[in-house]
Amino acid sequence: MKLEFIPVDYDYFDFEGRNYAKIIGRDKSGKRVCLVDSCDVFFWAILKDKSNDKEIKKLQEKIGKIKLDTKGRKTEVEKTEVHEKNFLGQKVKALKIFATNYKDMHEIADKLGMPEIEKRRGYDLGFITHYIIEKKLNPLCWYEISGDILNANEFGGIENIDVDLCIKVNSISPIKKEEFSPKVLAFDIEADELGIGSGEILMISLVSENFRKVITWKGQKKDLDNLPYLEIVKDEAELLEKFSEIVKKISPDILTGYFSDGFDLPYLKSRAEKFKIKLNLGLDGSQPKFSRGIMTTAKIDGIPHIDLLRFIQTAYSQYMSSETMSLNEVANEFLGESKKDFQHTHSSKIEINSWEKYFEYNLQDSILTYKIFEKIWPDLLEFTRIMQEPIFDVSRNGISKNVEDYIIHNLEKFNEIPEKRPTYDEIGERKGREKYEGAFVFTPTPGLYENLTIFDFTSMHASIIVTYNLSKATLLEEKEAKKEKDFVESPEFELNNEKKKFYFSKKPGFFPSLLKEVVELRKKYKKELKEKPDVIKKARSNAFKLLANAYYGYLGFFGARYYSVEAAASTLAFVRKFNKWTMEKAKEKGYEVIFGDTDSIGFLLGKKSKEDAKQFLKELNSELPGIMELELEDFYKRGIWVTKRTGEFGAKKKYALIDYDDKLKIRGFETVRRDWCTLARETQNKVLKLVLEDGNEKRAVEYIKKIVKEVNTRKVDLKELIIRTQLKKPISEYRTISPHVIAAQKMQEKEMPIDPGTLIEYYIAETPDKKKLIREKVKLSDEEGEYNIEYYLKHQLLPAIENILQVFNVNINEILENKKQKTLF
DNA sequence: GGTCCCTAGATACC
DNA sequence: ACAGGTATCTAGGGACC
């Protein structure tokens, strides 16, 4: 039979010693379909240059006899073929070695210590990745599948699977069709304790299209009248059973939660174990499977479980203004909606009438999760289609893994054999290497400037890698390079205290070629965004920018298959060169350069017009090589640069700009740092706004006087004075005991959950005795006490505004002293 | 007990 | 372990007088 099919989830099983892919997806009518398919299983043995045909024949015979009998499985080399392939851009002769079971290929490869064999590759991709490459059945793309309907008794492993149709695949062909709206189910639990499994699960909310439900074993009859979505069950055990039941009934394509890898699913698992209940969420009736490692991941058979937090962290966080990745802040930023107000209390202390609020709160969390999912779905979809890996993995992978997946799935068009993952020793070596020199940052002259503009390079690192063909495979030894007529030469730079220069081939390598595609996609989305802006296009455009920019980071990442310090360091040498080149050009034109960092420069227009600047930009672009491109970032009415707190030099990476719509752009200042109290941040923000709007300090000084007075007279709300600092490691590992470590200790004493990653909140209080250290004055947010006036003036307010006023030759200390004396008298 | 210098640690920029 | 290097700044920590 034939059907149109879109794959959503991938798994595999062994049957009679062979590997079978088990793919869950939908047909065009929305029926759930399971495909069972197999593919050739093989890896590569790259042969030494000089091997002749006779030797190769002999070698093939020898390898063909390899048999394994391990882990109760019989595997053998089934056949071998000789192929002309490329490896790292070089033509090689390689043996394609077919084996019975993918999982045994590493072991077979270990047996190939023959002198004729140079390298063994392609055994470490994982069966799913290997299958997707072989059969080209890419996730979330439509295909026409022809195959035979499978009966329940075939293949042993699939008899219990809960799908409408099971097909053994005969052929796969792609069809032009893009649209796919998965059925999504969002869920969220509420429990009495935050420690996994240590309290009772009180309720679970579930939200899908036209479906809202809160199941609970708390709650009264009257709640049912008010809350139509509420369902009351007998006890916690029944709650868990009901949850599985509803998931089964809704039968979603995707189950999503927020931090559900780390909280909701492990909690459900733990409680289910306690009550000896099977949490059979999987389509095959299995329970969620949890991976070990630093980050737990929860996998459900047949239904991709997406923890939104994981994807948002890799794909969006660097472009977000949220200071924490909490559901509330993220929902605010993505949707402009918030969690419901509800003061968490232990269930034993909740009054009968408050439960209703709790249920609403719980439901709202799932609603927000559902809506955020809808919002980022285009990116998840694009990421998955581009990386060509199952959405379960793509949504959790770090950015370097995404880069690598993109490469691995596109090697075939270059006839390339995949490089292996680095060994443990190689990783150690790479981590131990010296850092290479990074980007250039211009030292600004402190001051207030008027009428300026900023240019920046679009995806600078990526466009350099593409333009100069930089990669592990295109790197040439100096001798080789000189033999070729044409080669790329990096600027000279210092590496390990030596003058260095690297050479690269001009023959386009697969790595830069692939990156070129990514850059072009990024440009396409950016253009679409400009033509018709919306938040989704913006996020998508940013996601591609992220991928393009991550290629450079990938080159220097110790875990990368295509790691190359030479290429990474050379990229940076070009980055420095072009940044300085642009500055020189601007100076030649008569512009005064006042700012520069990595891929951007800022300069004063002076007597020149905006049109002049645009013309200058055109001229620069006509001179730039390859795909390198400068763009106009914006024009600004004013900008301020300040001195470092130590020394008289201008501070780098700290400036504030105001554009012609009076919109502020603040970088590096305390205003944008979450480890400063709100009072200091908001005061600084206001001061920057006033001086940039007016071009002088008068209103700002008045404003500061007002705030200082408020601090002195204890008019400031404690909320404004809370300092938030993240705990980065277990308390015991800190060598210096700083205020936030003391605060964390206090929290621990109160049995509040503190893990690395917790945001510690505290304030500095007055102490009756003369304590010297700041950490001795730390109090937690809910601790009684009076704020320490001196600390907040001298350690928060003053540092935030001192340098700004210094630009206007105003000594803020005098203003403060003055105030103090006045209050004294 | 105060001053000086150094650095661990957190966070930001690109 | 899970992209890179550059930079600012605070508070603690130790040497010294």
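Just so it is clear, the values below take in all heavy atoms, side chains as well, and ignore hydrogens, waters and symmetry mates. Protein chains get the first letters and strands the later ones, always in sequence-line order, with residue 1 at the start of each.
If you check every strand for non-hydrogen atoms under 4.0 Å, A:F440 touches nothing. Using a 4.0 Å heavy-atom distance criterion, A:R735 is classed as a sugar-phosphate-only contact. Looking at heavy-atom distances under 4.0 Å, A:G553 makes contact with a base. At a threshold of 4.0 angstrom between heavy atoms, the contacts of A:K435 include nucleobase atoms, whether or not backbone atoms are also involved. Across all strands, A:A550 comes closer than 4.0 Å to no nucleic acid atom at all (heavy-atom distances). Residue-level contact check: A:K772 touches neither bases nor backbone, having no heavy atom under 4.0 Å from any strand. Nucleic acid contact class of A:L773 (heavy atoms, under 4.0 Å, all strands): sugar-phosphate only. Looking at heavy-atom distances under 4.0 Å, A:I427 makes no contact with the nucleic acid at all. Backbone-only engagement by A:Y436 is indicated by non-hydrogen atom pairs under 4.0 Å involving sugar-phosphate atoms exclusively. In this structure, A:R681 reaches neither bases nor backbone, as no heavy-atom distance under 4.0 Å exists between it and the strands shown. As judged by a 4.0 angstrom heavy-atom cut-off over every strand, A:Y563 is placed among residues making no nucleic acid contact. Within 4.0 Å of A:G559, counting heavy atoms only, lies no atom of the nucleic acid at all.
Taking the six-membered ring where the residue is Trp, A:Y554 and A:Y551 present tilted rings, their angle falling between 30° and 60°.
Ranking C:dA11, C:dC2, C:dT6 by closeness to the A:Y791 side chain, first place goes to C:dA11. Listed nucleotides: C:dA3, B:dC13, B:dT11. Nearest to the side chain of A:K728: B:dT11. For A:Q318, taking side-chain heavy atoms from C-beta onward, the closest of the listed nucleotides C:dG12, C:dG5, C:dA3 is C:dA3. The A:I774 side chain lies nearest to C:dG12 when the options are B:dT11, C:dG12, C:dA7. Of all nucleotides listed (B:dA12, C:dT8, C:dG12), B:dA12 comes nearest to the side chain of A:R674.
Side chains of A:K663 and A:L657 form no contact here, defined as non-hydrogen atoms less than 4.5 Å apart.
A:F455 and A:F603 have their aromatic ring centers within a separation under 6.0 angstrom.
Side-chain contact check for A:E631 and A:T458: no donor-acceptor pair (N or O, by modelled atom type) lies under 3.5 Å.
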